[in-house]
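Right, one structure below, let's go through it.
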Amino acid sequence: MKRRWWKECVVYQIYPRSFLDCNGDGIGDLRGIIAKLDYLKLLGVDVVWLSPIYKSPGDDGGYDISDYCEINADFGAMADWEEMLGQMHDRGIRLLMDLVANHTSDEHPWFIESRKSRDNPYRDYYIWRPGKEGREPNNWASCFGGSAWQLDHVTGEYYLHLFSKKQPDLNWENPRLREEIYRIMRWWLDKGIDGFRLDVINMISKMPGFPDAPVVSDERYQWGGQYFIQGPRLVEYLREMRQQVLSKYDVFTVGETPGVTTEHAVDITHEEAGSLNMVFQFEHMDLAPRDVLAKAGKWHVGPWDLLELKQVMTRWQKELEGKGWNSFYLSNHDQPRSVSRFGDDGGHRVESAKMLATFLHMLHGTPYVYQGEEIGMTNVRFESIDDYRDIETLRFYREWVGQRGADRSEMMAAIQAKSRDNARTPMQWSAGANAGFTTGKPWIKVNPNYSQINVEQAQADPGSVFHYYRRLIELRRKHPIMVYGSYELLLAAHEQIYAFLRTLHNEQWLVILNFTEDVPVFALPSTIAFSQHELVISNYPTDSREDPRSFELRPYEVRVYRLVGG
Ligand code: TEU
Ligand code: CA
């Protein structure tokens, strides 16, 4: 396993719209990021993944791009971006830009041309098909609901959009289009960035013929993922991207790959034969019985099973070990806040946020921290749908409550638990007006708990989640075992404790996580022998002399022990 900087780093994701507003228009901006680079340096993160800041009509939070080489005026100008990059590099912080190459905005000049006529030179930049028997070319559903096809009256054909109808899918079968994407990648790399996060990159190859998806429900449109996830030419396209662009720069790439399997991940991230350094998998984001997932999809609300989490994470740890490389995240701009979803955002918010942070940093892979996670920010739970902004959330509500007459309170409960806006409320900097995010009217309301949960309070409190993240990041920098140690699950069948070993040479770290508010007794398997132990980190006051072989865990308690001399 070769040593690489992108294995050793900690990545911090910024959703710019909600990070910090410096010009009072209620929208986060690049100057806001510049103003907080010392904060990120203090936290200790090495890399920033910046969600899209390109020109965009904003239909899907900037993931609908109309000019890849122009900065969205909401965020500032190219000069601001260049200053931000310089200031990041001055602090030894690297920058990943978010490349959305599966689709553009329908306001991109390519699409404006493409829709003009069937023989337009840009026609084949996108995926156009005639209707079938008066309907869409096939029965695929869009990820945001409704059909994945939109009829365009100009030429009487349909275009494919796996997301919103303002996000037409690009046709990667077209080598001219692929070259355009590689040109854009080079343009940004030549400006000095350090890599890319690649949006839904495993969807760019679609099954030729666009076959209908099997009908598995009485819905009008069906999930067609088996025909566009890990499609027939994906590995070929990624190899070409590596050969044409990535191999020529010292860059770091992470592919966002919904539905990816460990087998696909090895193909994509293999140290020698792969094309990207790592991928984001989604299995731990869908911990629910298969029938619940089939019925409610991401909107399912209910308990998740720790045994399933242990199985999922252990499979990913073991099946990539020595072949590819794992990323690991618990939240991002598409997911609910991790302390609300996996911990306890009530009485044990601080303890469970620290326990989850330890889980994030102690697994074998590169950890990703999402803005606000480092101070234990929680889900927001707006009462009115009018306070939500996310297209996916609004479409869900409109279809189920508006068109199908579903129970409003039940749908609002699902939205409060799973809406992407849970992660998009403004970063909470202080207990001042609008949590110090803006002097104007924020584009989305601030979470009312900002007066208790904010950076100012966290920095002043030595026992805060923030200082705990700093310690974890510092430990990673000092101890190669956190980066390169192998992983071994312990107590596989325990329903409350997640325990595992990390081993590097003759050193072992024992990680013990209580995922509940109960007080189970931890008992170390007798097979684990050691002569000395040292308490590395814990989230409660703990007597370091206490024997780690057996003790009672407190609610959401985490302990990490260094064991030597087996
Ligand atoms: O997300 C792709 C994706 O899988 C999401 O649709 C996710 O599954 C869903 O939002 C969970 O609720 C990427 C971006 O991260 C997301 O913000 C964009 O909306 C999407 O692609 C289209 O670009
Ligand atoms: Ca602003």
Side-chain angles (χ1 to χ4, degrees), residues 13 15-35 49-54 56 58-65 71-77 80 98-105 141-145 148 161-170 197-204 223 225 228-229 254-260 279-283 285-286 293 296-300 329 331-336 341 368 370 388-396 414-415 417-424 426-427 434 437-443:
Q13 181 193 356
Y15 190 72
R17 198 166 197 82
S18 306
F19 191 68
L20 177 65
D21 167 29
C22 269
N23 65 349
D25 64 359
I27 300 170
D29 42 51
L30 296 174
R31 302 220 66 81
I33 297 173
I34 292 170
W49 152 27
L50 183 57
S51 278
I53 42 102
Y54 318 99
S56 161
D59 188 58
D60 178 21
Y63 283 88
D64 50 315
I65 296 165
I71 303 295
N72 180 334
D74 282 351
F75 298 127
D80 298 314
D98 203 323
L99 184 73
V100 185
N102 176 69
H103 48 270
T104 70
S105 164
S142 150
C143 292
F144 290 159
H161 60 88
L162 295 180
F163 292 92
S164 90
K165 66 183 180 195
K166 284 184 68 62
Q167 293 171 291
D169 277 57
L170 287 166
R197 177 263 191 187
L198 295 127
D199 190 64
V200 291
I201 197 63
N202 65 333
M203 295 187 182
I204 60 177
W223 174 245
F228 55 76
I229 285 181
V254 52
E256 186 215 21
T257 48
V260 70
V279 293
F280 291 138
Q281 59 94 6
F282 281 65
E283 289 187 47
M285 291 290 128
D286 290 328
L293 271 182
K298 69 160 278 179
W299 298 105
H300 70 82
Y329 67 93
S331 61
N332 58 39
H333 66 293
D334 289 334
Q335 300 296 339
R341 180 186 209 159
Y368 288 71
Y370 178 64
Y388 287 90
R389 295 287 176 272
D390 172 32
I391 182 173
E392 182 189 51
T393 299
L394 297 173
R395 282 208 49 148
F396 169 77
I415 287 168
K418 301 304 264 311
S419 167
R420 303 191 300 182
D421 281 334
N422 280 308
R424 300 179 183 187
M427 181 70 181
N434 295 311
F437 165 71
T438 179
T439 55
K441 182 176 186 296
W443 68 277

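Order of listing sets the numbers, starting from 1, for every ligand and every atom in it. In this chain, numbering begins with 1 at the start of the sequence shown. Being a predicted model, the structure only gives us computed values, none of them experimental. What you see below is based on every heavy atom in this structure, not just the backbone, and it leaves out hydrogens, waters and symmetry mates.
- Nearest to atom 2 (C) of ligand 1 by heavy atom, out of Arg424, Glu256, Arg420, Gln167, is Glu256.
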For this session: Before giving the answer on side-chain hydrogen bond (donor to acceptor under 3.5 Å, both in side chains), spell out for Thr257 and Asn202 the whole-Å C-alpha distance, their side-chain angles and the decisive distance to 0.1 Å.
Result: CA-CA 5 Å; Thr257 48; Asn202 65 333; 4.8 Å; no

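- A salt bridge does not link Asp64 with Lys166: none of the charged nitrogens is closer than 4.0 Å to a carboxylate oxygen.
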* side-chain contact (heavy atoms from CB on, under 4.5 Å) between Val200 and Phe163, intermediate numbers included -> CA-CA 11 Å; Val200 291; Phe163 292 92; 3.8 Å; yes

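- The aromatic rings of Tyr329 and Phe282 lie perpendicular to each other, with more than 60° between the two planes, well past the 30° mark.
- Distance from atom 12 (O) of ligand 1 to its nearest protein heavy atom, with residue and atom name: Lys298 NZ, 2.6 Å.
- For atom 20 (C) of ligand 1, the candidate residues are Phe396, Phe163, Phe282; the nearest heavy-atom contact is made by Phe163.
- Note: Phe280 and Trp49 meet the aromatic proximity criterion, with ring centroids under 6.0 Å apart.
- For the pair Asn72 and Ile53, the minimum side-chain heavy-atom distance is 4.5 Å or more.
- Proximity of Met203 to ligand 1 is not established, as no heavy-atom distance is less than 4.0 Å.
- Of all the heavy atoms of Val200, the ones lying under 4.0 Å from any atom of ligand 1 belong exclusively to the side chain.
- Contact check for Phe228 versus Asp169: no side-chain heavy atoms found under the 4.5 Å cut-off.
- Shown here for Gly28 and Phe75, the closest heavy-atom pair between the two residues is O-CD2, 3.2 Å.
- An N or O contact shorter than 3.5 Å is missing between Gln335 and ligand 1 by distance.
- What sits closest to atom 5 (C) of ligand 1 on the protein, heavy atoms only, is Asp334 OD2, 4.0 Å.
- Put simply, Thr438 stays out of reach of the Ca ion (ligand 2), with no N, O or S atom under 3.0 Å from it.
- With ligand atoms numbered from 1 in the order given, ligand 1 contributes 13 (C), 14 (C), 15 (O), 21 (O), 22 (C), 23 (O) to contacts under 4.0 Å with heavy atoms of Asp199.
- Counting heavy atoms closer than 4.0 Å to ligand 1, residue Arg197 contributes side-chain atoms (C-beta onward) but none from N, CA, C or O.
- Residue Ile27: an N/O/S atom is found under 3.0 Å from the Ca ion (ligand 2).
- For the pair Arg389 and Trp443, the cation-pi criterion (under 6.0 Å, within 45° of the ring axis) is not fulfilled.
- At a heavy-atom distance under 4.0 Å, only side-chain atoms of Pro258, from C-beta outward, approach ligand 1.
- Taking 3.0 Å as the threshold, Asp74 does not count as a candidate ligand of the Ca ion (ligand 2), since none of its N, O or S atoms lies below it.
- Arg424 places a side-chain N or O within 3.5 Å of a backbone atom of His333 that can act as its donor or acceptor partner.
- Counting heavy atoms closer than 4.0 Å to ligand 1, residue Phe144 contributes side-chain atoms (C-beta onward) but none from N, CA, C or O.
- For ligand 1, the atoms lying closer than 4.0 Å to a non-hydrogen atom of Asp60 are 18 (C), 19 (O), 20 (C), 22 (C), 23 (O).
- In this structure, His103 has a heavy atom closer than 4.0 Å to ligand 1.
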